[in-house]
Amino acid sequence: MISVILINMRSPIRFEITHVCAQSGARTGILHTPHGDVETPMFMPVGTQATVKFLSPEELYALGAGVVLANTYHLWLQPGEDIVDKAGGVQKFMNYKGPMLTDSGGFQVFSLADARKISEEGVLFKNPKNGDRLFLSPEKSIQIQNAIGADIIMSFDECIPYPAEYAYAKASMERTLRWAERGKNAHQKPETQALFGIVQGGDYADLRHYSAEKLVEIGFDGYAIGGTSVGEDKETMVRMVRESAELLPYDKPRYLMGVGAVNDLLEAVSLNIDMCDCVLPTRLARHGTLMTSEGRISIDKQKYSEDFGPLDPACDCYTCRNYSRAYLRHLARAKEGFGTRLLSIHNVRFLIRLMEDARQAIKEDRFLDFKNETLASMGFDQRGF
RNA sequence: GGAGAGGUAGCGAAGUGGCUAAACGCGGCAGACUGUAAAUCUGCUCCCUCUGGGUUCGGCGGUUCGAAACCGUCCCUCUCCA
């Protein structure tokens with residue numbers, strides 16, 4: 001009987017802290033998952049529709065990608081979670097051999113706010129493409145995620161906008177807690193899929209604290225911080241993250257959802273965040289903006305028309321090693337898909353390498369120096385703004 | 001030589017008496033983008049001393065209170081016939 005309980009309680013993932021930076025307190029770790037081990041802190045590219053736009057799995061491996069995201073809401077609508085299940089799970093379906101994580105659909109409660117209605121039971125969405133009415137509950141979200149089969153799945157939450165009234169932020173956060181518990185109770189594969197809870201509470205410290213404490217009481221394999229990067233200023237975001245994180249168990253992985261700007265990532269690492277995901281590198285790439293060691297550049301500018309040097313001389317990616325700014329500018333202006341691919345490769349690699357460098361700096365007990373130097377070289381001020 | 005169609009801002013193309021400094025698209029310029037309704041979106045794109053002023057719709061000349069729009073004439077382009 002006891003052994004059964006122990007087996008049932010064993011998490012499919014294991015988080016091992018490998019070093020704590022003497023200078024900053026930031027930490028490195030290894031996240032052991034059913035699809036391999038990944039080092040933290042890490043950046044996770046987003047592949048909403050079971051593909052990181054324009055990148056093949058082989059390219060993702062070459063970039064050093066670890067965990068890749070997919071999305072519950074989008075795969076539920078198309079092609080349907082049953083098809084992903086029949087394919088043998090999302091990894092087999094999209095031929096990605098590394099670990100994966102699915103977001104619960106909670107972000108769509110925010111991003112599709114014009115076409116949805118929230119109730120205690122769940123969220124009624126109106127499919128923006130065809131008007132279909134779709135009801136997503138915490139149980140349904142977990143059921144879909146069980147079918148999709150990622151290594152890490154997320155509680156169904158409400159990502160609220162900023163600013164939000166205290167009363168609304170409180171009511172929403174409390175409902176998200178109830179949803180988290182309902183989702184956990186509905187989880188059918190706790191031995192193979194880790195479940196993370198999500199801290200909410202707007203920018204109110206007491207709500208963030210309460211949310212974190214209650215989630216820990218319910219008990220999850222890891223804890224995420226949601227509701228940031230929704231329009232708030234940098235200082236507020238940093239505060240929200242700190243207040244969310246300070247009451248979380250130190251030995252569990254912490255995932256800051258939706259963060260991918262360089263300064264934000266470095267700030268997150270300072271606050272002992274282990275995982276971050278963001279669409280920013282791939283979206284910026286599609287729009288012709290590149291993250292470089294000297295800040296962002298727009299590759300379509302006239303000034304690059306005869307610039308035959310690499311995009312970022314300091315970068316080790318396939319694009320920077322093989323193609324010139326002039327060629328990338330040409331492809332961008334000609335709207336060639338290959339150009340989008342090359343730019344996506346660079347931006348994703350840039351953030352993955354940023355985190356590799358951050359880990360190295362932590363291991364060498366000089367993360368603070370690394371952070372300040374990196375921010376200065378990219379044109380951010382001392383505080384990272 | 002004859003018949004017809006047409007010449008509008010960088011390009012394409014609406015407009016055929018006042019609401020037109022002139023729709024719309026492309027191109028160009030600038031900006032945005034953070035758990036992806038996003039290879040997207042927003043603004044600007046004749047000139048200037050710019051919450052106002054000045055010159056525009058092939059050229060010139062008319063009609064009219066008023067013309068890109070109507071009339072005359074010239075130039076140019078395209079199609080068909082000889």
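Residue numbers start from 1 in every chain, and the chains themselves are labelled A, B, ... in the order their sequence lines are given, proteins ahead of strands. Keep in mind it's a predicted model, so treat the numbers as computed, not measured.
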Would you measure the distance from the C1' atom in B/rC57 across to the matching atom in B/rU20 and give it in whole Å? 11 Å
Taking any strand in view, what nucleotide pairs with B/rC24 in a Watson-Crick or G-U wobble way, both distances under 3.5 Å? B/rG12
Once you round it to whole Å, what is the distance between P of B/rC29 and CG of A/Asp300? 7 Å
Report which part of the nucleic acid A/Ile198 touches: base, sugar-phosphate, or nothing (heavy-atom distance under 4.0 Å, all strands). base
Rounded distance in Å between the P positions of B/rA69 and B/rA21: 15 Å
Salt bridge flag under 4.0 Å for residues A/Arg321 and A/Asp316: no
Pairs flagged by side chain to side chain donor-acceptor pair (under 3.5 Å) wherever residues 169-183 of chain A is involved - sequence neighbours left out: A/Glu120-A/Arg178, A/Glu121-A/Arg182, A/Glu139-A/Arg182, A/Glu158-A/Ser172, A/Glu158-A/Arg175, A/Lys170-A/Glu174
For atom P, what is the distance between B/rA67 and B/rG58, given to the nearest Å? 15 Å
Can you see whether A/Tyr223 engages A/Asp274 through a side-chain donor-acceptor pair at a distance of less than 3.5 angstrom? no
For B/rU63 versus B/rA13, give the span between their C1' atoms, rounded off to a whole number of Å. 29 Å
Determine, using the 4.5 Å side-chain heavy-atom cutoff (strictly less than), whether A/Tyr318 and A/Leu290 are members of one ILVMFWY cluster. yes
What is the separation between atom CE on A/Met100 and atom C1' on B/rG35, rounded to the nearest whole Å? 14 Å
On the ring face of A/Tyr250, is A/Arg27 found with NZ or CZ under 6.0 Å from the centre and within 45° of the axis? yes
Paired to B/rG35 by Watson-Crick or G-U wobble criteria (both distances under 3.5 Å) is none
Salt-bridged, A/Glu267 to A/Arg242, with N to O below 4.0 Å? no
A/Phe196 and A/Phe220 aromatic centres sub-6.0 Å: no
Does OP1 or OP2 of B/rU36 have a side-chain N or O of A/Asn71 closer than 4.0 Å? yes
In whole angstroms, the gap separating P of B/rA37 from CG of A/Leu136 amounts to 14 Å
Heavy atoms only, 4.0 Å cut-off, all strands: where does A/Asp157 land among base, sugar-phosphate and nothing? base
Which base, if any, makes a Watson-Crick or G-U wobble pair with B/rU55, both distances under 3.5 Å? none
Take the protein atom CG of A/Leu75 and the nucleotide atom C1' of B/rG35, then report the distance between them rounded to whole Å. 14 Å
Now, which nucleotide makes the Watson-Crick or G-U wobble pair with B/rG43, with each of the two distances under 3.5 Å? B/rC29
Just call it for A/Ser298: base, sugar-phosphate, or nothing, with non-hydrogen atoms closer than 4.0 Å on any strand. nothing
Strand partner of B/rG72, provided both Watson-Crick or wobble distances fall under 3.5 Å: B/rC60
If pairing means Watson-Crick or G-U wobble with both distances under 3.5 Å, then the partner of B/rA67 is none
Just to be sure I understand the rule, does A/Gln200 reach a base, reach only the sugar-phosphate, or reach nothing, if contact means heavy atoms closer than 4.0 Å? base
Between B/rC48 and B/rG25 - C1' atom distance, rounded Å: 29 Å
State which residues pass ring pair (Phe, Tyr, Trp, His ring centres under 6.0 Å) with A/Tyr304; sequence neighbours excluded, sorted by chain then number. none
By the 4.0 Å heavy-atom rule, please label A/Thr289 as base, sugar-phosphate, or nothing. base
Any base atoms under 4.0 Å from A/Gly227, or only sugar-phosphate, or nothing? Heavy atoms, all strands. base
Is A/Arg333 touching bases, backbone alone, or none of the nucleic acid, heavy atoms closer than 4.0 Å? sugar-phosphate
Among B/rC33, B/rG35, B/rC29, which is the nearest nucleotide to the side chain of A/Arg296? B/rC33
Could you give the distance separating B/rG6 and B/rA68 at their C1' atoms, to the nearest angstrom? 15 Å
A/Lys301 side-chain N/O to B/rC29 phosphate OP1/OP2 under 4.0 Å: no
Between the side chains of A/Glu373 and A/Ser377, does any donor sit under 3.5 Å from an acceptor? no
Between A/Tyr327 and A/Phe308, is the ring centre distance below 6.0 Å? no
Expressed as a whole number of Å, how far does the C1' atom of B/rA14 sit from that of B/rA9? 13 Å
Quickly work out the A/Ile160 CD1 to B/rG35 C1' distance and round it to whole Å. 15 Å
If the sugar-phosphate is the primed atoms plus P, OP1 and OP2 and the base is the rest, what is the B/S/- string for nucleotides 38-46 of chain B, using protein heavy atoms under 4.0 Å? BBB------
Mate of B/rC78 where both pairing distances stay under 3.5 Å, Watson-Crick or G-U: B/rG4
Atom CG of A/Asp114 to atom P of B/rU36: distance rounded to whole Å? 17 Å
Please determine, for the side chain of A/Ser111, which listed nucleotide (B/rG35, B/rG28, B/rA37) has the closest atom? B/rA37
Rounded distance in Å - CZ (A/Phe107) to C1' (B/rA37): 11 Å
A/Leu284 CG - B/rG31 C1' separation (whole Å): 13 Å
Inter-nucleotide C1' distance (B/rC26, B/rC70), Å rounded: 33 Å
What's the closest nucleotide to the side chain of A/Cys159 if the choices are B/rU36, B/rG35, B/rC33? B/rG35
